[in-house]
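A short worksheet on the structure shown next.
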Amino acid sequence: MNKKDLAKYIDHTLLKATATEEDILNLCGEAKKYQFFSVCINPCWVALAKTALEGTNIKVCTVIGFPLGANHTSLKQFETETAIIQGADEIDMVINVGYAKKHQWDLVEKDIASVVSIAKETENCC
């Protein structure tokens, strides 16, 4: 496998809370230069990245419930819906670590299922 083939497997990621518009545009520029698979960014930057990557095959990925996963499920649903409407191609989600630590797998499953459900509904609506 050569370097160019490898780039197609890389999610170019910037999830710092201090990221600025300029940082996101630089990230997108690097993704275009190297033809990475996606950029993975915080939800507030989805629309900007989608515009910056227009005309490319590079995906926009965002992370729901980042970094702790302790958000209420309804907030994760809203965050997911908004991200998809603004152009996210992929959704990553942080599970509720507290639930997992206590082996409350039914709550973890419900949390994940609700986000998946809203993602499917939103994707089909637009």
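Here, residue 1 is the first one in the sequence, and each next residue gets the next number. Keep in mind the model is a prediction, meaning the values are calculated, not measured.
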For the hydrophobic clusters of this structure (ILVMFWY residues joined by side-chain heavy atoms under 4.5 Å, transitively), does one cluster hold both [X] and [Y]?
X: Val94; Y: Leu107; result: no
X: Ile24; Y: Ile58; result: yes
X: Trp105; Y: Val115; result: yes
X: Ile64; Y: Ile118; result: no
X: Leu25; Y: Val60; result: yes

Once rounded to the nearest 0.5 Å, what's the spacing between atom [atom1] of [X] and atom [atom2] of [Y]?
X: Leu15; Y: Cys40; atom1: CG; atom2: SG; value: 5.0 Å
X: Ile91; Y: Thr122; atom1: CD1; atom2: OG1; value: 9.0 Å
X: Ile41; Y: Lys16; atom1: CD1; atom2: NZ; value: 15.0 Å
X: Cys28; Y: His12; atom1: SG; atom2: NE2; value: 8.5 Å
X: Thr62; Y: Gln86; atom1: OG1; atom2: CD; value: 9.5 Å
X: Thr18; Y: Asp23; atom1: OG1; atom2: CG; value: 7.0 Å

Main chain of [Y], side chain of [X]: is a donor-acceptor contact present, judged purely on distance under 3.5 Å?
X: Gln35; Y: Lys32; result: yes
X: Thr56; Y: Leu53; result: yes
X: Lys76; Y: Gly69; result: yes
X: Ser74; Y: His72; result: no
X: Glu79; Y: Gly65; result: yes

Quiz item: Knowing that exactly one of Val63, Asp111, Thr80 qualifies, which makes a side-chain contact (heavy atoms from CB on, under 4.5 Å) with Met93?
Solution: Asp111
Any side-chain heavy atom of [X] sitting closer than 4.5 Å to one from [Y]?
X: Thr13; Y: Val39; result: no
X: Glu90; Y: Phe37; result: yes
X: Lys50; Y: Asp89; result: yes

Self-check item: Lys110 and Val108: CA distance, side-chain angles, deciding distance, side-chain contact (heavy atoms from CB on, under 4.5 Å) verdict
Solution: CA-CA 6 Å; Lys110 285 178 185 175; Val108 172; over 6 Å; no
Quiz item: Which atoms form the tightest heavy-atom contact between Leu14 and Ala19, and what is the distance?
Solution: CD2-CB, 3.8 Å
Quiz prompt | Ser38 to Asp11 - nearest heavy-atom pair and separation | solution = OG-OD1, 2.6 Å
Practice problem: Check the surroundings of atom CD in Glu30: do more than 12 heavy atoms from other residues, nucleotides or ligands lie under 6.0 Å from it? | Solution: yes
Quiz item: When you look at CG of Asp106, are more than 12 heavy atoms from neighbouring residues, nucleotides or ligands closer to it than 6.0 Å?
Solution: yes
Self-check item: Worked verdict on Ile112 versus Val116 for side-chain contact (heavy atoms from CB on, under 4.5 Å)
Solution: CA-CA 6 Å; Ile112 294 168; Val116 169; 4.2 Å; yes
